[in-house]
Amino acid sequence: MQAITIQEQDNDFRAEVERRSGQSMVECYQCGNCTAGCPFDFAYDLPVSKIMRLVQLGQREIVLSCHSIWLCASCKTCTTRCPNSIDVAKIMDVLRHMARESGHIKERTVKAFEDSFLASVKKTGRLHEVGVALGYEMRTGRFLTDIDLVQTMVSKGKLSIKPHSMHNSDQVAEIFKRFNGGIHE
Amino acid sequence: MPPSNDLKDGGELRIIGFLCNWCSYSGADAAGVARLEQPTDLRIIRTPCTGRIDPLFILRALINGADGVLVSGCHPGDCHYVEGNFHARRRLETLKRILPISGIDPERFKYTWVSASESGRWQETVREFTAKIHALGPAPRMTDVVSRSKDLSLEGLLLQDENGGA
Amino acid sequence: MHIGVFVCHCGSNISGTVDCPQTAKAAGEFPDVVYSTDEMYTCSEPGQESIIRAIKEHNLDGVVVASCSPRMHEATFRRTVERAGLNPYMFEMANIREHVSWVGRDKALNTRKAIDLIGMAVAKLRNGTPLFSERFNVTRKLMVIGGGVAGIQAALDAADSGIEVVLVERETTIGGKMAKLDKTFPTIDCSSCVLGPKMVEVAQHPKITLYAASEVDNVSGYVGNFTVQVRKRAVYVDWDACTGCGLCTEKCPSRKTPDPFNELIATTTAINIPFPQAIPKKATINPDYCLQLTKGKCGVCAKVCPVGCIDFEQQDKIEEVQVGAIVVATGYDLFDYSVYKQYGAGKLPDVITSLQYERLLNASGPTGGHVLRPSDGAEPKHVVFIQCVGSRDKSKGRAYCSSFCCMYTAKQAILTKSHLPDSQSYVFYMDIRSPGKGYDEFTRRTQELYGAQYIRGRVSSIHQHGSSLVVRGADTLAGMQVEIKADLVVLAVGIEPSRNSQKLAATLHISADTDGFFMEGHPKLKPVETNTAGVFLAGCCQGPRDIPTSVSMGSAAAAKAMVLFSNEQLESDPQVATVNATRCVGCYKCVKTCPFGAILESEDRWKNPKAEVLPTICKGCGICSVTCPHGAIQLNHFTDNQLLAEVNAICPLPTI
Amino acid sequence: MNNTVIAYYPGCSGKGSSAEYDLSTRTVLRHLGVDALEVENWSCCGSSPAHAVDHVLSAALSGRNLARVRSMGHDLVTTPCPSCLSNLKNAAHAVRDDDVRAKVNSLLDEECPTDVEAISTLQFFLEQVGLDTIQEAVVNPMPTLRVVCYYGCLTTRPPKLMCFDDPENPMSMDNILECCGIEVIPFPLKVDCCGAAFGMPRNDISSRLSGNILNMASELEADAVVVACPLCQMNLDLRQNQVNKACGTHHQMPIFYFTQLMGLSMGLSKKNLGLSKLAVNPEPCLARAGVR
Ligand SMILES: Cc1cc2nc3c(=O)[nH]c(=O)nc-3n(C[C@H](O)[C@H](O)[C@H](O)COP(=O)(O)OP(=O)(O)OC[C@H]3O[C@@H](n4cnc5c(N)ncnc54)[C@H](O)[C@@H]3O)c2cc1C
Ligand SMILES: Cc1cc2nc3c(=O)[nH]c(=O)nc-3n(C[C@H](O)[C@H](O)[C@H](O)COP(=O)(O)OP(=O)(O)OC[C@H]3O[C@@H](n4cnc5c(N)ncnc54)[C@H](O)[C@@H]3O)c2cc1C
Ligand code: SF4
Ligand code: SF4
Ligand code: SF4
Ligand code: SF4
Ligand code: SF4
Ligand code: SF4
Ligand code: SF4
Ligand code: SF4
């Protein structure tokens with residue numbers, strides 16, 4: 001196990017997480033309640049309370065390169081039960097943003113799904129489920145994902161090959177364009 | 001009259017402190033015991049409680065030509081008399097709002113909480129406040145303020161606010 | 001006026017950075033100062049003598065000493081001037097040591113500051129008046145409110161020293177929580193074996209009068225002379241006659257009455273004696289469950305009672321008691337954990353509180369000391385304890401540590417093993433707080449000898465799964481989620497001040513901290529005093545305390561009362577508020593503002609409304625002085641004139 | 001409740017994978033005298049991917065919809081989907097901060113309003129329609145139908161934002177269905193997450209979590225699970241076979257939207273409630289409960 005040199009901790013990292021999440025990291029007293037209730041803990045490489053600790057210790061690399069921050073489903077169980085009322089789920093969100101920005105992509109399929117989802121929305125203004133699936137498959141090369149569902153959905157009339165129509169879908173595309181233009185921080 | 005009333009020739013300004021006996025006055029004593037060096041401008045008046053401090057004392061000091069007034073007492077919730085500092089807080093907040101009307105720079109007045117054990121905090125408070133008053137410089141002549149305060153009947157204003165009772 | 005000024009060198013403490021002779025010389029020029037000098041050590045024997053000599057020689061009627069802090073020697077010098085025949089309040093101090101010589105380095109500036117401070121003291125003194133204290137008698141009788149172990153200890157210690165004691169207990173028996181416990185840490189001795197004899201002593205002590213099923217309605221008066229109204233609740237039994245034979249309880253048909261003594265895990269009869277060792281051992285009818293009182297038909301108890309003491313018409317009675325001091329020992333209540341919906345919110349039968357578990361462990365409890373879980377009466381095998389439930393949880397408004405739950409949880413884990421040798425206990429904890437003699441060894445023993453498994457982490461949720469409870473938690477040391485299939489879960493619920501404490505605080509004019517526990521006079525130096533003279537604290541009403549500390553506090557509070565009662569008479573502090581009747585218009589704003597209820601709505605001879613201060617109750621805060629729109633109520637020794645004189649001494653009114 | 005008109009945001013899944021939720025919600029609302037007026041020209045809220053990528057982007061996508069609601073002259077919008085609701089509420093809350101609002105507005109063509117509120121249709125049924133009105137409309141109680149209510153994670157969480165029902169033991173659906181004459185069994189896992197967000201990218205995870213819920217429901221001998229969330233429904237219903245395969249189970253557990261059971265109890269036609277669109281055939285279970 002690697003040793004952490006405490007004086008070399010990255011306090012800017014901790015400060016950035018605090019600023020972007022609006023949460024105060026010192027308030028976490030490591031009770032573990034967030035880990036205890038997290039439904040995704042079994043799939044995590046770092047339990048969420050450990051992530052909280054490592055942010056306190058300014059461990060940017062370890063935190064941003066973990067899988068857990070990609071597997072958090074924002075179910076907010078942790079936020080609801082934290083005895084210090086810390087919005088832990090929001091911190092997980094912010095960490096994923098930071099990982100994205102810095103190119104730490106530990107769950108390619110998760111990122112691919114998010115990207116295809118947003119690409120679909122950008123293109124048509126509304127979510128087009130076939131579009132997402134296709135986009136996802138293109139991005140990951142996992143071509144038969146959910147193929148078993150398609151048949152059921154088609155037979156139940158739940159899947160349209162064409163996106164659901166809205167006019168002015170370009171307004172939505174604009175939102176994405178401006179966003180990519182880096183107007184926000 | 002001894003010459004000491006003309007404070008300004010030593011580079012000192014006239015700063016008056018109103019301190020409650022139980023917390024801040026003891027805190028100031030503790031700072032002395034610990035030899036925590038402070039600027040010499042401040043003159044302290046001891047009161048049993050910040051609740052005894054009439055905003056009019058402060059107004060009077062400022063009108064009379066004090067360059068700064070510092071009030072300090074027990075932290076909220078710690079008052080020796082249970083709720084005296086809550087009364088003080090309400091009254092002093094009112095005073096703060098009224099000072100600008102009377103032409104007095106509200107920056108010349110400050111109130112704060114220092115407990116008996118916070119000698120370091122007291123030293124900091126005195127240093128900071130004295131530095132601030134020096135940055136503001138000597139207070140302007142208050143002749144017109146005096147007449148204005150009469151016009152506005154400041155005393156009435158202050159008392160009105162207090163009428164809420166406890 | 002003839003004022004003398006004495007400037008102290010304090011060896012070199014002052015004279016090192018203040019020019020004392022020059023200061024004394026300058027002081028001589030202040031108005032009314034007829035004599036001024038400097039002294040090496042003013043507080044020393046010769047220093048005090050020189051003050052006395054100067055008062056006589058120069059006919060002084062006021063003295064200013066410029067030396068250390070008045071918090072140091074004001075009392076000393078007041079006695080000095082009094083010895084010379086002066087009124088002790090015709091004395092002022094200028095603090096030129098703590099506030100000048102010790103904090104300023106520039107001698108010239110220090111000297112000037114010292115002169116200013118003397119000028120202020122002289123100005124204040126010129127506006128001062130002589131003040132006189134009053135002497136008053138003390139009622140040598142102590143009231144103890146709350147009959148838990150802390151109150152019992154206070155009552156017994158005071159009574160043993162010969163003081164009359166009145167013990168007021170809200171429940172129908174004394175004993176408090178300790179009476180419900182099975183065994184106690186760290187010695188694991190039987191709780192009732194230790195407490196029982198003390199309770200009997202209370203009942204038999206000739207100096208103790210016990211009012212059970214009673215509460216304090218109102219308190220008036222002041223230290224040495226309190227008048228207390230005690231409400232004796234209707235119990236529907238004439239306690240003077242009741243022998244505690246228990247015949248009534250055997251025959252009472254209303255058997256589904258909730259039993260608070262057993263923490264509601266069992267039922268009792270509408271007429272009941274809470275437990276066999278109850279003191280007083282008297283029967284009480286619960287009016288909400290008595291068939292006679294609710295439906296008008298039954299009266300069985302009245303028929304069987306051999307002494308005919310049942311009285312369905314009984315009413316509350318108010319009695320007035322005069323006492324000189326009061327010890328408050330009202331203890332605590334348990335945190336209502338039903339806000340934790342994720343722990344079943346009190347709806348899962350096999351999730352119980354620590355105190356309920358004590359009743360299950362207790363041989364005189366509803367299961368006769370067999371640990372049987374509530375849902376199906378089976379013996380549990382896997383028992384999970386969860387610590388800090390409702391403690392150290394800001395999100396539930398409980399930031400504080402309840403202080404003894406780590407220890408009693410360890411105790412309960414040990415007792416579980418001795419009751420059920422095949423069982424396994426698991427303890428979820430955040431920290432183990434065991435600071436006391438033998439305490440940490442105790443929690444170690446729990447693990448090493450009794451095999452309790454300690455898991456560091458909180459529990460997120462508990463849910464029923466078949467006949468087990470699934471406890472989902474974390475082990476933060478292993479860094480993993482953990483799950484336990486438990487048969488019984490015991491919550492170490494935190495504590496909070498006894499219900500209605502807030503009201504009692506208002507009645508007694510004492511304050512409570514932000515968590516509602518009564519506030520001590522000083523956290524280190526006056527742990528059992530309050531800021532109201534003559535009112536003392538013992539046990540958990542002041543904060544979470546285990547039994548040894550509660551007992552120490554009981555003894556300490558009794559000792560403080562004895563100190564008070566060692567005086568035949570007490571002397572009042574004359575630095576109190578006084579009303580100038582000619583200025584007072586009777587608006588009573590001051591009455592509403594005084595935090596201590598020291599001002600009365602009174603009248604003068606012509607029936608005009610006037611405020612009147614009760615000098616024995618007034619604490620001298622001066623809050624009223626600022627409130628009065630007419631300057632009619634003034635705090636002696638800190639009058640408007642005195643304080644303004646100080647202001648004017650530094651900043652004279654500008655001439656326009 | 002005569003002819004109340006509410007702004008209604010169906011959400012993307014309402015137009016696709018959860019068409020029967022949209023349909024049954026509108027049908028029941030109409031039956032109870034409420035007109036659900038679809039938000040004009042609404043767009044996708046971005047669901048969880050948007051806020052997983054950026055909070056301002058997420059707020060902007062929902063902010064656009066809030067602006068649509070405002071332009072219809074409404075200050076309240078209801079949505080059946082908890083994920084959409086969470087995003088709408090988040091946006092409405094976030095733009096109250098001046099800084100955030102400026103950032104959000106800079107992504108939009110129009111100003112995001114600060115005075116539009118969002119609630120779930122579930123909350124609308126409970127608080128504005130009311131249990132009494134619902135009970136009055138019931139003509140076909142189903143006392144032999146034993147169901148568990150599964151709320152999922154987002155319906156009530158985080159409590160500070162959602163401000164509805166209890167985050168640990170919500171009872172709103174339980175109460176409504178009991179009003180409809182259906183037996184509701186207490187369900188210990190009612191707020192555990194089903195893992196829907198990972199249905200596509202990490203099916204192993206979502207199958208395990210959904211499996212827990214189905215297992216518990218069948219251990220409690222429930223006839224069906226009732227949900228209020230299209231993502232939960234899709235995960236439990238459409239993916240039930242995937243779950244069975246991953247967990248080695250053989251569940252055939254119907255997963256209803258609560259609005260479908262409300263509609264049945266009110267005697268509305270199965271067609272208008274979209275019952276045939278459910279992946280696990282509900283007919284055997286309904287037949288046992290005596291519904292024709
Ligand atoms: C489960 C459990 C196990 C414990 N085990 C141990 C142990 O093993 N060892 C140990 O040292 N400590 C133990 N404790 C702690 C112990 O209970 C307390 O330290 C002790 O009871 C405090 O005594 P007390 O007199 O201050 O308060 P209490 O016991 O609460 O007594 C207060 C009394 O005042 C009465 N009262 C309250 N309000 C009023 C009022 N307004 N007027 C009149 N009367 C009033 C109450 O009815 C009660 O009789 C345990 C606590 C719990 C919860
Ligand atoms: C580093 C440190 C920091 C602390 N900080 C705090 C704090 O912040 N707050 C707090 O509450 N507590 C604090 N404490 C604890 C505190 O010091 C003790 O609680 C307290 O001093 C105990 O007082 P005492 O009178 O029992 O013992 P002591 O202070 O030890 O006094 C005992 C006295 O008895 C004398 N003596 C010993 N033997 C004999 C003999 N045979 N004959 C005659 N005289 C004898 C000794 O000379 C001594 O003067 C601290 C302790 C330490 C070590
Ligand atoms: S629940 Fe809160 S305090 Fe506890 S470890 Fe998680 S973030 Fe920290
Ligand atoms: S929000 Fe994320 S970290 Fe928190 S409990 Fe849910 S999945 Fe786990
Ligand atoms: S009176 Fe105070 S200053 Fe003077 S010698 Fe005594 S202690 Fe020192
Ligand atoms: S039968 Fe009478 S004397 Fe005996 S306990 Fe009951 S009330 Fe008291
Ligand atoms: S009268 Fe009441 S208390 Fe007496 S026996 Fe009947 S029910 Fe019990
Ligand atoms: S004593 Fe132990 S269990 Fe109790 S609140 Fe404190 S740390 Fe928690
Ligand atoms: S406030 Fe002043 S005027 Fe009013 S009753 Fe009190 S003393 Fe009299
Ligand atoms: S000085 Fe304080 S205690 Fe005394 S009467 Fe005035 S307000 Fe009350």
Side-chain angles (χ1 to χ4, degrees), chain A residues 1-4 22-57 59 62-63 65-69 71-92, chain C residues 335 337 339-345 384-402 405-406 426-433 454-463 469-484 486 489 491-494:
Chain A
M1 204 167 263
Q2 94 195 76
I4 296 171
Q23 307 300 307
S24 156
M25 295 303 303
V26 276
E27 284 181 39
C28 169
Y29 57 19
Q30 285 294 303
C31 68
N33 207 343
C34 47
T35 294
C38 177
F40 294 83
D41 186 71
F42 72 92
Y44 280 9
D45 53 345
L46 280 179
V48 49
S49 56
K50 255 193 184 168
I51 293 178
M52 293 294 290
R53 181 66 185 144
L54 289 163
V55 176
Q56 286 180 335
L57 290 174
Q59 298 303 311
I62 304 179
V63 171
S65 58
C66 77
H67 289 256
S68 309
I69 54 179
L71 299 177
C72 164
S74 287
C75 75
K76 310 227 163 44
T77 309
C78 48
T79 298
T80 308
R81 292 183 188 156
C82 172
N84 293 306
S85 305
I86 302 172
D87 191 344
V88 188
K90 189 155 187 198
I91 291 173
M92 292 294 272
Chain C
F335 176 77
Y337 81 94
V339 298
Y340 287 95
K341 296 270 167 38
Q342 63 268 40
Y343 293 172
V384 167
F385 295 88
I386 306 177
Q387 294 196 165
C388 301
V389 177
S391 299
R392 306 176 67 196
D393 186 341
K394 274 197 275 179
S395 72
K396 299 285 184 288
R398 289 290 187 285
Y400 58 90
C401 165
S402 295
C405 12
C406 279
Y426 310 87
V427 179
F428 282 95
Y429 72 101
M430 286 204 288
D431 298 283
I432 301 176
R433 301 200 161 163
Y454 271 61
I455 301 162
R456 197 220 168 266
R458 269 197 190 257
V459 166
S460 179
S461 64
I462 306 169
H463 66 256
L469 295 160
V470 178
V471 179
R472 202 184 283 163
D475 184 326
T476 59
L477 302 179
M480 298 177 106
Q481 205 172 52
V482 294
E483 216 169 72
I484 299 175
V489 176
L491 305 178
V493 287

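Any value given below was found using the heavy atoms of this structure, including those in side chains, with hydrogens, waters and symmetry copies removed. Throughout, a chain's letter reflects where its sequence line sits, starting with A, and its residues are numbered from 1. Small disclaimer: the values here were computed from a predicted structure and weren't measured.
Only the backbone of A:C82 comes within contact range of chain C, with heavy atoms under 4.5 Å apart. Within the 4.5 angstrom heavy-atom criterion, only backbone atoms of C:V459 (N, CA, C, O) approach chain A. For a residue to count as touching a neighbouring chain, one of its non-hydrogen atoms must lie under 4.5 Å from one of that chain's; by this rule A:Y29 touches chain C with backbone and side chain alike.
The contact list for residues 472-479 of chain C toward chain A, using heavy atoms and a distance under 4.5 Å, reads C:R472, C:G473, C:A474, C:T476, C:G479 by residue number.
The salt bridge (Lys or Arg N to Asp or Glu O under 4.0 Å) test applied to C:R433 returns C:D431, not counting sequence neighbours.
Per-residue heavy-atom pair counts under 4.5 Å with chain A were compared for C:Q481, C:R392, C:R456, and the maximum is reached by C:Q481.
In this structure, the side chains of C:R458 and A:R81 stay at 4.5 Å or more apart for every pair of heavy atoms.
Rounding to the nearest 0.5 Å places SG of C:C388 at 11.5 Å from CG of A:N33.
What you find for A:T35 and C:M480 is that their closest heavy atoms are CG2-C, 4.3 Å.
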